[in-house]
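All remarks here apply to the structure that follows.
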There are 2 protein chains.
Amino acid sequence: MALRQVAERQAESPAPARLYAIGDLAAELGVTHRALRLYEDQGLLAPRRIGNQRIYSPRDHARLVLVLRGKRLGFSLADIREMLDLYEVDPQHLEQLRATLKKGCARIAALERQQQEIALTLKELREGERLVRDLIRQRESEAGQGRKRRTP
Amino acid sequence: MALRQVAERQAESPAPARLYAIGDLAAELGVTHRALRLYEDQGLLAPRRIGNQRIYSPRDHARLVLVLRGKRLGFSLADIREMLDLYEVDPQHLEQLRATLKKGCARIAALERQQQEIALTLKELREGERLVRDLIRQRESEAGQGRKRRTP
DNA sequence: CCGTAACCTTACCTTAACGTAAGGTAAATG
DNA sequence: CATTTACCTTACGTTAAGGTAAGGTTACGG
């Protein structure tokens, strides 16, 4: 069965649905096979199978991008899973829609808080930076002045 | 030795340097004794001692606040330690000043990236929110219309 | 058709960041 | 003065997020 072949042939094709073997996806986004399988166990990804080999769709690719972003932001896999599930809502069921909306709003609020805290931290660090720059300037000019004053 | 007493007396006093026993600080900032001792082991805090009991100063309190903020932002204790160390610089040594500046700038850059990613995530989530709201409205009005149309 | 490269599962190992329990000292309180 | 109460250290347990190793199948290239 041409499995890897299919992926490679599709890799050259212009637009139509690219497919990835696990190694391809791992390489492209800089993660290990292990991580991908773990994310699958945790319900973050659900690649199709051919036989028992995983086939990742562009959709899986997109989800993985979100997963990695979530990780960089310090979220747990469980959190990330919840966030991904927000995009999975079934438009038929009003109750589910409402639940999704609620969770989504909570996430948004949390991220806004986080944003505030980052802003605060940045402000402090920048102030520190200014201070240190001043100290450096001062030290440097002292050294210069010292030489000049002693030999006017 | 009046140790806890001192803390309690100072707790009532208006401004002057409040002191905390471990339990006080833990309660006030919502962490456990264990966490405080761990942070100490990792070099994030360095309370004074009286005998072998820890005495936390307002400075320790402030540092702990920063630690907890760092945690909420998803940083490791090691990262947080590095950030705290930025505020500890000795103004005498030019080389150290320069190193501090460099590390500080790196931190700032990292936080700015993080900020971008949060902004992006927020944008996506808000778009999702709008979509879900629309779906809900649609479902609701469908239900209403259904009744009206069937009984004109 | 044979070897090697990519994939599979299972299972144990590791690190960070605590939780929790055990056993012991100091000290404020009835 | 006896007893809780707060604190101490030591040490083992736990959870999340993978790393790593072992052993086995599939598929592809020469």
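Chain naming here is simple, since letters A, B, ... match the order of the sequence lines and numbering starts at 1 in each.
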Can you identify which nucleotide, out of [options], has its nearest atom closest to the [X] side chain?
| X | options | answer |
| --- | --- | --- |
| A:Thr32 | D:dC7, C:dA17, D:dG19 | D:dG19 |
| A:Gln53 | D:dG19, C:dC7, D:dC7 | C:dC7 |
| A:Ala21 | C:dC7, C:dT9, C:dA17 | C:dC7 |

*asked:* Contact between A:Asp60 and A:Leu64 at the side-chain level, heavy atoms closer than 4.5 Å - yes or no?
replied: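 A side-chain contact is absent here, since even the closest heavy-atom pair is not under 4.5 Å.
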*Given side chains that start at C-beta, do those of B:Leu29 and B:Val65 come closer than 4.5 Å, heavy atoms only?*
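Result yes, sub-4.5 Å side-chain heavy-atom pair found.
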Within the structure, does a side-chain N or O atom of [X] lie under 4.0 Å from either OP1 or OP2 of [N]?
| X | N | answer |
| --- | --- | --- |
| B:His33 | D:dC7 | yes |
| B:Arg54 | D:dC8 | yes |
| B:Arg34 | D:dG13 | no |
| B:Arg49 | D:dT9 | yes |
| A:Tyr39 | D:dA17 | no |

Can you tell me how far [atom2] of [N] sits from [atom1] of [X], to the nearest Å?
| X | N | atom1 | atom2 | result |
| --- | --- | --- | --- | --- |
| A:Leu25 | C:dC7 | CG | P | 11 Å |
| A:Leu38 | C:dA11 | CG | C1' | 15 Å |
| B:Leu64 | C:dC18 | CG | P | 11 Å |
| A:Leu45 | D:dG18 | CG | P | 12 Å |
| A:Leu19 | C:dA6 | CG | P | 19 Å |
| B:Asp41 | D:dT9 | CG | C1' | 11 Å |
| B:Ile80 | C:dA16 | CD1 | P | 14 Å |
| B:Ile50 | D:dC8 | CD1 | C1' | 15 Å |

*Which comes earlier along DNA chain C counting from the 5' end, the contact point of B:Phe75 or that of B:Asn52, where each point is its nearest nucleotide?*
B:Phe75
*Within the distance-only criterion (no hydrogens, no angle test), does the side chain of B:Arg63 pair as donor or acceptor with the backbone N or O of B:Leu44 below 3.5 angstrom?*
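Confirmed, B:Arg63 side chain pairs with B:Leu44 backbone.
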*State whether the side chain of B:Gln114 and the backbone N or O of B:Leu73 hold a donor-acceptor pair below 3.5 Å, judged by distance alone.*
yes
*Is there a donor on the side chain of B:Arg37 or the base of D:dT9 sitting less than 3.5 Å from an acceptor on the other?*
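No, no donor-acceptor pair under 3.5 Å.
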_Going by side-chain hydrogen bond (donor to acceptor under 3.5 Å, both in side chains), name the residues that satisfy it together with B:Gln116, two or more places apart in sequence or in a different chain._
none
